[in-house]
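The next block holds one structure in the form of structure tokens; read it before the comments.
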Amino acid sequence: MTLTAKLLGDSSPYIYNLVYDIDVRLLFIECLNDPSDSEPSLRIVFPEITTYTEKNGSDALDDELMDDLVSMDWVGDNQVEIITCKKEIILELTGKPFAEKIG
């Protein structure tokens with residue numbers, strides 16, 4: 001089972017909010033059930049980050065358009081690659097990612 005399937009489950013891949021907090025060393029991605037929703041329904045959390053790199057896609061879509069998750073998976077022992085329509089993020093972490101329902 002891929003990390004995408006495990007963490008996203010039945011939720012849609014539409015990203016409401018994606019935030020990396022360098023002080024807490026945590027990344028979270030909040031997803032909507034439907035692009036017309038006004039509140040997120042799922043939060044995916046990546047805790048205890050030791051290394052964070054981000055690369056914006058050269059052909060990234062218009063900033064006004066909603067971003068969505070393409071894939072999330074382990075690419076090393078403690079390394080996760082997150083790909084969205086607009087960017088690629090590589091995390092090295094000591095914690096285990098998890099998902100939680102919102103609301």
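If you read the sequence from its start, that first residue is 1, and numbering goes on from there. Treat the numbers as computed from the prediction; the structure is a model and nothing was measured.
Checked against side chain to side chain donor-acceptor pair (under 3.5 Å), T84 has the following partners two or more places apart in sequence or in another chain: D67. Take D73 and apply the side chain to side chain donor-acceptor pair (under 3.5 Å) test, not counting sequence neighbours, and it matches no residue.
D21 contributes a side-chain N or O that, together with a main-chain N or O of D23, makes up a donor-acceptor pair within less than 3.5 Å. Judged by distance alone, the side chain of T4 and the main-chain N or O of M72 form a donor-acceptor pair under 3.5 Å.
The shortest distance between side-chain heavy atoms of I44 and L7 falls below 4.5 Å. A 4.5 Å side-chain heavy-atom check between V19 and L27 finds every atom pair outside the cut-off. A heavy-atom distance below 4.5 Å is found between the side chains of I102 and E30. You'll find the side chain of I15 reaches within 4.5 Å of the side chain of I29, heavy atoms only. Put simply, the side chain of L8 reaches to within 4.5 Å of the side chain of P13, judged on heavy atoms. No side-chain heavy atom of F46 sits less than 4.5 Å from a side-chain heavy atom of L26. Residues Y16 and S41 have side chains not in contact (no heavy-atom distance under 4.5 Å, counting atoms from C-beta outward). Within the 4.5 Å cutoff, no side-chain heavy atoms of E92 are placed close to those of I49.
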Next on the checklist: Quick one, E88 with T53, criterion side chain to side chain contact (heavy atoms under 4.5 Å, CB included). Give me CA distance, side-chain angles, the key distance, then yes/no.
Outcome noted: CA-CA 8 Å; E88 177 184 343; T53 57; over 6 Å; no

Next on the checklist: side chain to side chain contact (heavy atoms under 4.5 Å, CB included), that's the test. Do V80 and L93 meet it? Break it down for me.
Outcome noted: CA-CA 8 Å; V80 174; L93 60 158; 3.8 Å; yes

Next on the checklist: Does D34 form a side chain to side chain contact (heavy atoms under 4.5 Å, CB included) with S12? I'd like the steps, not just the answer.
Outcome noted: CA-CA 7 Å; D34 185 274; S12 79; over 6 Å; no

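Distance check, rounded to the nearest 0.5 Å: CD1 of I89 to NZ of K55 gives 12.0 Å. Here CG of L3 is found 10.0 Å from NZ of K96. Values are rounded to the nearest 0.5 Å. In this structure, the separation between SG on C31 and CG on L42 is 5.5 Å, given to the nearest 0.5 Å. Rounded to the nearest 0.5 angstrom, E54 CD and K86 NZ are separated by 11.5 Å. With values rounded to the nearest 0.5 angstrom, K87 atom NZ is found 6.0 Å from L18 atom CG.
Tested against I82 for a side chain to side chain contact (heavy atoms under 4.5 Å, CB included), the candidates I90, V70, L69 yield a single pass: L69.
A donor-acceptor contact closer than 3.5 angstrom links the side chains of R25 and Y20.
Under the 4.5 Å side-chain heavy-atom criterion for grouping Ile, Leu, Val, Met, Phe, Trp and Tyr, F98 is connected to F28 within one hydrophobic cluster.
Sorted by first then second residue, the ring pair (Phe, Tyr, Trp, His ring centres under 6.0 Å) pairs that include residues 68-96, not counting sequence neighbours, number zero.
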